[in-house]
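Before any comments, here is the structure.
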Amino acid sequence: MSEEPAPKSIPESSSSAVDGGRTIEECQDMIQRSLRNPTVKFLRQHLEKAGCGFGDKFIKAVHCDKKIAGGYVRGEGILVCSNHMNIQDEVNQVIIHELIHAYDECRAANLDWSNCAHHACSEIRAGHLSGDCHYKRELLRGYMKIRGHEQDCVRRRVMKSVIANPYCSAAAAKDAMEAVWDVCYNDTQPFDRAP
């Protein structure tokens with residue numbers, strides 16, 4: 001999600017689950033469990049090596065009005081939308097995806113989230129490296145393509161995210177994604193290869 005306006009939240013005292021999601025408190029517990037996930041630990045270590053360690057409040061559960069799973073907000077950290085989370089794997093995926101955005105921002109001093117190409121590049125990397133587009137996840141979403149599903153999924157999810165950026169029209173998002181696709185899809189840092 002990057003530097004899109006922060007999801008609106010409700011006060012923690014009234015954090016009840018909506019539409020089957022989790023309460024903020026339940027989600028916060030799931031976030032703590034996520035910090036033990038090997039991929040999350042790996043990304044956290046590499047953020048620290050790059051000089052961008054984070055504290056206890058960097059990843060937080062919030063209630064979101066928009067139908068999104070979470071987001072990364074410059075200067076605030078990672079927001080996980082508790083009311084759209086149901087299982088631990090969903091929380092893990094959101095955190096891994098958003099940590100890749102945090103890593104991108106850490107290593108690129110000039111990353112500008114209002115620049116459609118910069119945003120598209122980070123989304124390509126996050127979609128490709130986080131496991132968001134693993135074929136099992138795609139099957140659960142109702143996408144049945146056997147060959148080429150991963151790149152199609154990454155493209156679809158990049159477009160959805162970049163179009164949500166108020167600085168990027170649909171045409172600008174598509175042009176930006178195509179312009180940076182090869183370089184960004186093949187950039188697997190901090191991993192040696194795509195997990």
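Keep in mind that the numbers below use all heavy atoms, side chains included, and drop hydrogens, waters and symmetry copies. Positions are given from 1, in the same order as the sequence printed here.
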Heavy atoms of I78 and I95 approach each other most closely as CD1-O, 4.2 Å
Hey, does I163 have a side-chain heavy atom less than 4.5 Å from the side chain of S161?
-> no
Among all residues two or more places apart in sequence or in another chain, which pass the side chain to side chain contact (heavy atoms under 4.5 Å, CB included) test with R44?
-> L35, E48, F54
Do you reckon L47 sits in the same ILVMFWY cluster as W113, going by side-chain contacts under 4.5 Å, direct or chained?
-> yes
Closest heavy-atom pair, C27 versus S82, reported as atoms and distance to 0.1 Å, is CB-CB, 3.4 Å
Scan side-chain atoms only and decide if Q88 and S34 contain a donor-acceptor pair under the 3.5 Å cut-off.
-> yes
Can I31 be reached from Y103 by stepping across I, L, V, M, F, W or Y side chains whose heavy atoms are under 4.5 Å apart?
-> yes
Using a distance-only test with no angle check, is there a side-chain donor-acceptor pair under 3.5 angstrom linking H97 and E123?
-> yes
Indicate yes or no: does D187 engage R107 in a salt bridge with an N to O separation below 4.0 Å.
-> yes
Heavy-atom check, side chain of E26 versus side chain of T23, under 4.5 Å = yes
Could you go step by step and tell me if L43 and I100 meet the side-chain contact (heavy atoms from CB on, under 4.5 Å) rule?
-> CA-CA 7 Å; L43 287 166; I100 292 168; 4.1 Å; yes
Less than 4.5 Å apart, any side-chain heavy atom of D65 and any of H63?
-> yes
Smallest heavy-atom separation, W181 atom then I124 atom, equals CE3-CD1, 3.7 Å
Heavy-atom donor-acceptor pair, R157 side chain to G127 backbone, under 3.5 Å = no
So how far is it from I24 CD1 to K60 NZ, rounded to the nearest 0.5 Å?
-> 11.5 Å
Could you please spell out the steps behind the side-chain contact (heavy atoms from CB on, under 4.5 Å) verdict for E90 and Q93?
-> CA-CA 5 Å; E90 292 171 335; Q93 279 307 118; 5.8 Å; no
Under 3.5 Å side-chain donor-acceptor pair for E150 and Y185 = yes
Closest heavy-atom pair, L79 versus V94, reported as atoms and distance to 0.1 Å, is O-CG1, 4.5 Å
When hydrophobic residues are tied together by side-chain contacts of less than 4.5 Å, even through go-betweens, does I68 share a cluster with V158?
-> no
Residues 188-195, side-chain donor-acceptor partners within the protein, below 3.5 Å, at least two apart:
| residue | atom | partner | partner atom | Å |
| --- | --- | --- | --- | --- |
| T188 | OG1 | F191 | O | 3.1 |
| T188 | OG1 | D192 | O | 3.4 |

Mind checking whether D29 and R33 have side chains closer than 4.5 Å, heavy atoms only?
-> yes
Verify, without hydrogens or angle tests, whether D132 (side chain) and V154 (backbone) share a donor-acceptor contact under 3.5 angstrom.
-> no
Are R74 and E105 close enough for a salt bridge, meaning some N to O gap below 4.0 Å?
-> yes
Exam field: side chain N83 to backbone G21, donor-acceptor pair closer than 3.5 Å = no
What distance separates D89 CG from M30 CE, expressed to the nearest 0.5 Å?
-> 9.5 Å
Same apolar cluster (I L V M F W Y, side chains within < 4.5 Å links), L111/M177 | no
About how many Å separate CG of N37 and CG of L99, when rounded to the nearest 0.5 Å?
-> 10.0 Å
Cluster question for you: counting only ILVMFWY and a side-chain heavy-atom cut-off of under 4.5 Å, with indirect links fine, are M85 and V40 together?
-> yes
Spell out, as yes or no, whether a donor-acceptor pair under 3.5 Å connects the side chain of Q28 to the backbone of A61.
-> yes
Heavy-atom pair with the smallest gap, counting every atom of H101 and S122 | ND1-OG, 2.6 Å
Give the minimum heavy-atom separation between R22 and N86, together with the two atoms involved.
-> NH2-O, 2.7 Å
Residues H118 and D112: side-chain donor-acceptor under 3.5 angstrom | no
How long is the gap from NE2 on H128 to SG on C184, to the nearest 0.5 Å?
-> 11.0 Å
Taking the side chain as C-beta and beyond, is there a heavy-atom pair between K41 and H46 under 4.5 Å?
-> no
Test log, rule side-chain contact (heavy atoms from CB on, under 4.5 Å), inputs R155 and E178 = CA-CA 9 Å; R155 287 178 189 276; E178 296 302 334; 3.0 Å; yes
